[in-house]
Amino acid sequence: MPLDKAKAPFTLPKLPYAEDALAPVISAKTISFHYGKHHATYIKTLNELIAGTAYEGLSLGEIVARAAGDKDAAARKIFNNAAQAWNHDFYWHSMTPPNGKGSGAPTGKIKDALEKSFGDLDAFKKAFSLAAVGQFGSGWAWLVKGKDGALKIEATSNADSPIARGGTPLLVADVWEHAYYLDYQNRRPDHIAAWLDKLVNWSFAEDNLGQ
Ligand code: MN3
């Protein structure tokens, strides 16, 4: 993750593929707004918010973790923008173009872990889709590794992220409307089904499993 060790001022991390590489599931037009406007704005705003505060000098992950425990209104704004910056970088890496590295069906350690926790790939997809589609309003659907090593699915609201609670995410799908509206309008279930079948980067998920 390019942003894990970076310090302020943060810059927009490079996309791991071309803007049109995920089409037709995610069009170049969606990526150009989502990456070039939404993601870029979270980073620009974060840099403005932390300038001259105790958060300046921390890595992005450290800012998310520290701001998560602070109920102060200024810290909530910092949390929202820092978590959105981290979540989006993680999201771009959770996807890979058709025939790209990590595309297709899961293999190896990640396949074994999915089968152990969910039974089979279809059961995982069904559970992930339920969480993604069922997240009311804006948010994220995650595959995470629990402290007991089992894989779990978690849905979070708005900017919230498992890393705010010391969790270990493996994959994330953005379920804010800006992630799919130009391509799927209100059909979030269809977008998530295509996302799971065609875009997941299983080698990224496996790398995040660790030992
Ligand atoms: Mn988004």
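Remember, it's 1-based here, ligands and their atoms both numbered in the order they're listed.
The aromatic rings of F124 and F128 sit tilted, their planes meeting at an angle between 30° and 60°.
The side-chain hydrogen bond (donor to acceptor under 3.5 Å, both in side chains) search around T53 returns none, not counting sequence neighbours. With sequence neighbours excluded, the residues that form a side chain to side chain contact (heavy atoms under 4.5 Å, CB included) with N80 are A159.
By the 4.5 Å side-chain criterion applied to Ile, Leu, Val, Met, Phe, Trp and Tyr, L130 is assigned to no cluster and stands alone.
Atom NZ of K198 is surrounded by 12 or fewer heavy atoms from other residues, nucleotides or ligands within 6.0 Å. Atom CG of N99 has 12 or fewer neighbouring heavy atoms from other residues, nucleotides or ligands inside a 6.0 Å radius.
Of all protein N, O or S atoms, those under 2.8 Å from the Mn ion (ligand 1) number 4.
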